[in-house]
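Reading through the structure tokens given below for one structure.
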Amino acid sequence: MKAKPTTHHRPTTALGPVSSSPAPVGAPGRVGGGAEPGATVLPHPQLQVQPYRANGSLVLSANHVHKTYHLGGQSIPVLSGVSLAVRQGQFTTIVGQSGSGKSTLLHLLGTLDRPDRGEICLHKQRIDNLPFRKRDLLRNREIGLIFQFYHLLPELTVLENTLVPFMIRYGVWQYWLRRRQHAEEARELLSRVGLGHRLNHRPNQLSGGERQRTAIARALVTQPKLLLADEPTGNLDAKTGAEVLDLLRQLSEQQQLTVVMVTHDEKIAEQSDQIIRLRDGKVVSATADAA
Ligand code: ADP
Ligand code: MG
């Protein structure tokens, strides 16, 4: 994937500063010598990557993240000190075998769950320790999420499903006032993902690829700069999966979208800018092309 010029950087989230803690160890400002002004952090041994988009701003980082599940009196350690860093416009894949903790990690990155220890930062601000309500707001405004099984609402049309993030953001009355403008935006986006002719279909009237395209449109309709995708092609046949992947790449390149995608498929991972390999709850390698 070709390097893209950096044109966008938001210094704060909509929520303002959320942490006074030091920048995370291993944040990519230090990777490959691409230090950012004011950065004082040492490189982390898990992040021995090639110089890559040294000018791209740091979007997302995890610093020594731990997660253990507790089930029926048993402890199930899943993540044991995971650190990673993602720069603006990068297409990153997290790859590992089934059960290696990929979804757990993605959920932590997307504030759907909290780590037991360690930090997650978005635009260098800590987000893992935000209260529930603020995490919900942050997700609604800053992060797009897509999943293997789409999670569309069956009773809503393609267009309505795409508008759900606005319905959540504004509530019934405020959404009603804004509905025309947002519907226009959603229609335009649905055309771009190839669903302009399916606006009034319900999910059970769509193919798998069309359902995932709807989920992609829903994830992007609020124009987040970060998209997190958990095995987005895992439920699709090879051809449809490749088409969905192409679409994600195009969107990433056209919109300066930063993408973090989880996959168990090495072939898919090979096509990304940065590959983070998970094994036994640890990052065993992080590589990036030098494009
Ligand atoms: P992957 O996405 O790489 O397949 P997951 O992150 O889904 O892996 O799961 C990692 C491990 O954590 C698995 O062994 C799984 O059984 C366990 N696990 C995941 N979620 C929970 C949970 N809510 N409670 C207990 N164990 C869980
Ligand atoms: Mg998974």
Side-chain angles (χ1 to χ4, degrees), residues 46-47 60-86 90-122 127-130 132 135-136 139 143-152 208-209 211-216 218-219 226-238 240-242 244-245 247-248 258-287:
Q46 286 183 358
L47 293 166
L60 183 68
S61 61
N63 179 30
H64 293 295
V65 164
H66 292 252
K67 183 73 183 177
T68 296
Y69 291 112
H70 301 278
L71 196 65
Q74 252 201 328
S75 290
I76 305 160
V78 178
L79 301 176
S80 314
V82 168
S83 296
L84 58 86
V86 177
Q90 251 186 344
F91 198 112
T92 296
T93 47
I94 298 172
V95 66
Q97 289 182 346
S98 179
S100 59
K102 305 181 298 296
S103 294
T104 300
L105 177 57
L106 202 79
H107 291 173
L108 299 182
L109 295 174
T111 71
L112 292 168
D113 199 359
R114 295 173 80 157
D116 303 324
R117 271 162 52 205
E119 294 182 353
I120 310 286
C121 294
L122 184 67
I127 57 170
D128 61 276
N129 59 354
L130 290 171
F132 275 117
R135 280 194 273 159
D136 291 346
R139 267 198 311 282
I143 304 172
L145 282 158
I146 54 175
F147 303 93
Q148 181 174 351
F149 296 106
Y150 329 120
H151 296 324
L152 299 173
R211 289 180 203 190
Q212 196 57 293
R213 284 167 191 271
T214 307
I216 292 169
R218 180 184 57 188
L226 174 64
L227 178 70
L228 303 179
D230 192 353
E231 307 256 14
T233 61
N235 201 39
L236 304 174
D237 61 72
T240 312
V244 164
L245 217 56
L247 174 66
L248 289 177
T258 306
V259 180
V260 179
M261 188 177 80
V262 156
T263 179
H264 64 274
D265 188 336
E266 275 286 340
K267 283 210 183 76
I268 290 176
E270 276 164 16
Q271 299 168 43
S272 58
D273 298 327
Q274 180 181 211
I275 307 174
I276 293 168
R277 288 196 172 78
L278 268 189
R279 193 187 303 148
D280 298 331
K282 289 193 165 61
V283 175
V284 288
S285 71
T287 57

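Every number for a ligand or one of its atoms is a count from 1 in the order of the listing.
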Could you pull out the closest heavy-atom pair between [X] and [Y], with the gap in Å?
X    : Y    : answer
P232 : Q212 : O-NE2, 2.8 Å
S272 : F91  : CB-O, 3.3 Å
I127 : L109 : CD1-O, 3.9 Å

Next item on the list: Please check if the side chain of R218 supplies one atom and the backbone of Y150 the other of a donor-acceptor pair under 3.5 Å.
Entry: yes

Check: Just by distance, do the side chain of R135 and the backbone of L130 share a donor-acceptor pair under 3.5 Å?
Finding: yes

Check: So does S103 have any N/O/S atom less than 2.8 Å away from the Mg ion (ligand 2)?
Finding: yes

Check: Can you find a heavy atom in the side chain of T93 that is under 4.5 Å from one in the side chain of M261?
Finding: yes

Checklist line | ligand 1: protein residues within heavy-atom distance under 4.0 Å | finding: Y69, I76, V78, Q97, S98, G99, S100, G101, K102, S103, T104

